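Just so it is clear: chains get the letters A, B, ... in the order the sequence lines come, proteins before strands, and each one is counted from 1. Keep in mind that what you see is a predicted model, and the values were worked out from it rather than measured.
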4 protein chains.
Amino acid sequence: MAQPKAPDASRRSERSRRAIFDAALALVGEVGYDKLTIEGIASRAGVGKQTIYRWWSSKAAVLLDAFGAVVDEYDQEGLPDTGDLAADLKTVLRATADEFNDAAWQAPYRALAAAGANDEELSRTFVGRLMEPGMRVYVDRLRAAQETGEVATGIDLRIAAEMLMSPFSQRWLMRTGELTHDYVDTLVDLVLHGLRPRD
Amino acid sequence: MAQPKAPDASRRSERSRRAIFDAALALVGEVGYDKLTIEGIASRAGVGKQTIYRWWSSKAAVLLDAFGAVVDEYDQEGLPDTGDLAADLKTVLRATADEFNDAAWQAPYRALAAAGANDEELSRTFVGRLMEPGMRVYVDRLRAAQETGEVATGIDLRIAAEMLMSPFSQRWLMRTGELTHDYVDTLVDLVLHGLRPRD
Amino acid sequence: MAQPKAPDASRRSERSRRAIFDAALALVGEVGYDKLTIEGIASRAGVGKQTIYRWWSSKAAVLLDAFGAVVDEYDQEGLPDTGDLAADLKTVLRATADEFNDAAWQAPYRALAAAGANDEELSRTFVGRLMEPGMRVYVDRLRAAQETGEVATGIDLRIAAEMLMSPFSQRWLMRTGELTHDYVDTLVDLVLHGLRPRD
Amino acid sequence: MAQPKAPDASRRSERSRRAIFDAALALVGEVGYDKLTIEGIASRAGVGKQTIYRWWSSKAAVLLDAFGAVVDEYDQEGLPDTGDLAADLKTVLRATADEFNDAAWQAPYRALAAAGANDEELSRTFVGRLMEPGMRVYVDRLRAAQETGEVATGIDLRIAAEMLMSPFSQRWLMRTGELTHDYVDTLVDLVLHGLRPRD
DNA sequence: CGTTAACCGAGACGGTACGTCCTGTCTTCCC
DNA sequence: GGGAAGACAGGACGTACCGTCTCGGTTAACG
């Protein structure tokens, strides 16, 4: 079952791992994803190329881990639940919009989304690691709202959450519009109207 | 103030142009976007590299033109209007879902969406050339529905259209779910419920 | 019969060819053969690596051509023939000794002799290109001496020439002794004594 | 004034030493000297790389020791002295020719001769360890012949021995000819004729 | 109807990065 | 402390493409 040369993870250099993450994130911001190279990362991190190839299979994989490590620190603990679904969603989506407008997030996130489009394997990891967790907290919050009657029963909450998040992501990814607070508010209102219990 | 070397388009070889398109589309399907190369296209098309560089600035630009030429043949003439908005949307989105599930469309479309994420200029062209026209017909159809009272007035139709199309595109691009007819129907129903005239 | 990608020699850049020779000879003198690298030659010559790989198969092949070009300028025109074989041989071998003691010749010559020992193909070329011509003029001179009676008939002149040159080369290659004029004189005398017509 | 880390030879593993020799000799025969690597030797010998680096400074040094150990078993005990110098020399040189034509000797011997050409230090060891002892027995035999009058007095026996051995070695090293028994006989006769007491 | 200027196929060029291999050092764990 | 194992920083390998340039050849507009 094992690959033909599994490196011994217990001997891995934590120092190098971190230097590689820092270098990858810094470089993707400076030169963009297309001009990001393994050699560049290695050189900036003061690391041999082989140390990268030993642990990752592509620059996308490095970036995914690097960005994942950053995101993990933002420890999501579920959406707020003040009892007012619309207000809660607006609060969180406004914050998310601010994050997406932050240059430090743009480059790696865009890069990974793009790389995922052409690489199914990477795409699965990207979605599972970075997008699914976010999606799940929305579904949970919607389920809670269903129990208080704010949202109709019988609705596919997964699709409901996508109605909220996909227009938002798509707008940003394709640059078809700004992610303003106004936009967020309008979107939340329109979506929630559709989720209301039917008359 | 002309560029240092504006090639004379009137002397351009139509034969070569087509051969390049065919080669680009065939290759992106066979080897994927990342391994698509200008040299590969040139060689497959039986064309000198310079003939590509003379007319396009990158492999993305070639692919965009090549795919654009294919798409143009599907000449969109607006959405049907039978008077039943939901039915009309389902009809068209089901057809679109089938298209997106067609392997011949996947590779170039994904490639361009991905390339656009990292290249703002390309992104603008991609959206303007391939996505905007599609979006526009939806907005038009929604406006018609607004006039018949099926959709509430005062709604931002652009955002409404995005609520319909973005979850759909995102699902496909990120591979977070299948584009089935059932999915389309559910999505349309949920969205339209949100667009109904308020009580 | 042809190799799978014969480059077009008529388009070859003479400028690059010369720059490569110069760089190779300079570097082998500066850093030695073992630390001579294709990358180093390319970089010093201001040339792409591929330009070297296109025309040569190894650093040894480059060096052989480079050194060959230098040697060719020394245009051998046969040994002098004053009628005194011993004197003629001493004159020429003394000059050769001086050449072999010249640092500029040492590095490439040693390198090629060494590389040839481990690479039969290269060895054939090295011998044929650089050593055979030298050997031949000695054989010719000995043949002339045979006609004047200075050298016995029936002697294998090839072996005779080797008796003269091999101890000389071996001494230099293996560093088992100095190549002084005295040494040369002694060697010539001993060898010629063996070649004298038998009593 | 000891080196920074003089390993304690008394604790050295004889088992590893032998495994390294065997691996080095086997590999140089299989893949040639250029592709012989320390890693390859270590791995084939079932030994850590450090165990090699601890005791030798280069692959050439390993090979020299390995080959030296083999040669030592051939324990030279001087040339035969039947009273007939020519016959004795032919006997021994014929045997040597057979040895040099044996594939098992070729690779390491050639490799070391080549490595010596570019590495003065190695060259001294190689000559001193493997070539000098052989040379010495020839000089001794010639001296004995001088005392019986077969060889002229006043001759530099060192140079005389080289006249015999260098053409032989050179021919083999440079592949300029076969080492046949006929060749050996002719060479011995020619050389001895030159060494005869002058008239 | 010949001249000539541009596009064209071809591919050599100076470069950059790839992913692999090996070097020589260092660290860990075992005996 | 020697030895097996192997991660590490470093660097060269030989390959693949990049985007530029130069070379005939062909082809269309102009004189």
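Here the C1' atom of nucleotide E:dT16 and the NZ atom of A:Lys59 are 13 Å apart, to the nearest Å. Rounded to an integer number of Å, the gap from C:Ile41 CD1 to F:dG14 C1' is 14 Å. B:Asp34 has its CG atom 18 Å from the P atom of F:dA16, to the nearest Å. Rounded to an integer number of Å, the gap from NZ of B:Lys35 to P of E:dC18 is 14 Å. The separation between C:Ile38 atom CD1 and F:dT15 atom C1' is 13 Å, rounded to whole Å. In this structure, the OH atom of A:Tyr33 is 14 Å from the C1' atom of E:dA17, given to the nearest Å. Taking atom CD1 of residue C:Ile52 and atom C1' of nucleotide E:dG15, one finds them 13 Å apart after rounding to whole Å. E:dC18 atom P lies 5 Å from atom OH of A:Tyr53, rounded to whole Å.
Along DNA chain F, the nucleotide closest to B:Leu36 and the one closest to A:Glu14 are compared, and the more 5′ of them pairs with A:Glu14. Taking for each of B:Ala42 and C:Arg12 the nucleotide of DNA chain E with the nearest heavy atom, the 5'-most of the two is the partner of B:Ala42.
The side chain of B:Pro7 lies closest to E:dC7 when the candidates are E:dT23, E:dC18, E:dC7. In the set E:dA6, E:dG15, F:dG2, E:dA6 carries the atom at the smallest distance from any side-chain atom of B:Asp8. Of the candidates E:dC13, F:dA5, E:dT23, the closest approach to any side-chain atom of D:Gln50 belongs to F:dA5. Of the candidates E:dG19, E:dA12, F:dG3, the closest approach to any side-chain atom of A:Glu39 belongs to E:dG19. Side-chain proximity of A:Val47 to the nucleotides E:dC18, F:dA9, E:dC8 is greatest for F:dA9.
At F:dA28, none of the side-chain N or O atoms of B:Ser10 fall inside 4.0 Å of OP1 or OP2 (strictly under the cut-off). Look at C:Thr37 and you won't find any side-chain N or O under 4.0 angstrom from OP1 or OP2 of F:dG11. Look at B:Arg11 and you won't find any side-chain N or O under 4.0 angstrom from OP1 or OP2 of F:dA29. Between B:Trp55 and E:dC7 there is no side-chain N or O to OP1 or OP2 distance below 4.0 Å. Between E:dC7 and B:Ser16, no contact under 4.0 Å exists linking OP1 or OP2 to a side-chain N or O. Note on B:Thr51: a side-chain N or O is less than 4.0 Å away from OP1 or OP2 of E:dG9.
For E:dG24, the base has a donor-acceptor partner in the side chain of D:Lys49 [N/O atoms by modelled type, under 3.5 angstrom].
With respect to the salt-bridge test (charged N to carboxylate O, under 4.0 angstrom), the residues D:Arg54 and D:Asp8 do not qualify. A salt bridge does not link B:Lys59 with B:Glu39: every distance from a Lys NZ or Arg NE/NH1/NH2 to an Asp or Glu carboxylate oxygen is 4.0 Å or more.
Of the N and O atoms on the side chains of A:Arg110 and A:Gln106, at least one donor lies less than 3.5 Å from an acceptor on the other residue.
Cation-pi geometry between D:Arg12 and D:Trp56 is met: the NZ or CZ atom falls under 6.0 Å from the ring centre, inside 45° of the normal.
Between the side chain of D:Lys49 and the backbone N or O of D:Ile38, no donor-acceptor pair lies under 3.5 Å.
Among the protein residues, C:Gly46 comes within range of the sugar-phosphate backbone only, with heavy atoms under 4.0 Å from sugar or phosphate atoms but none that close to a base.
The distance between the ring centers of A:Tyr109 and A:Phe126 falls below 6.0 angstrom.
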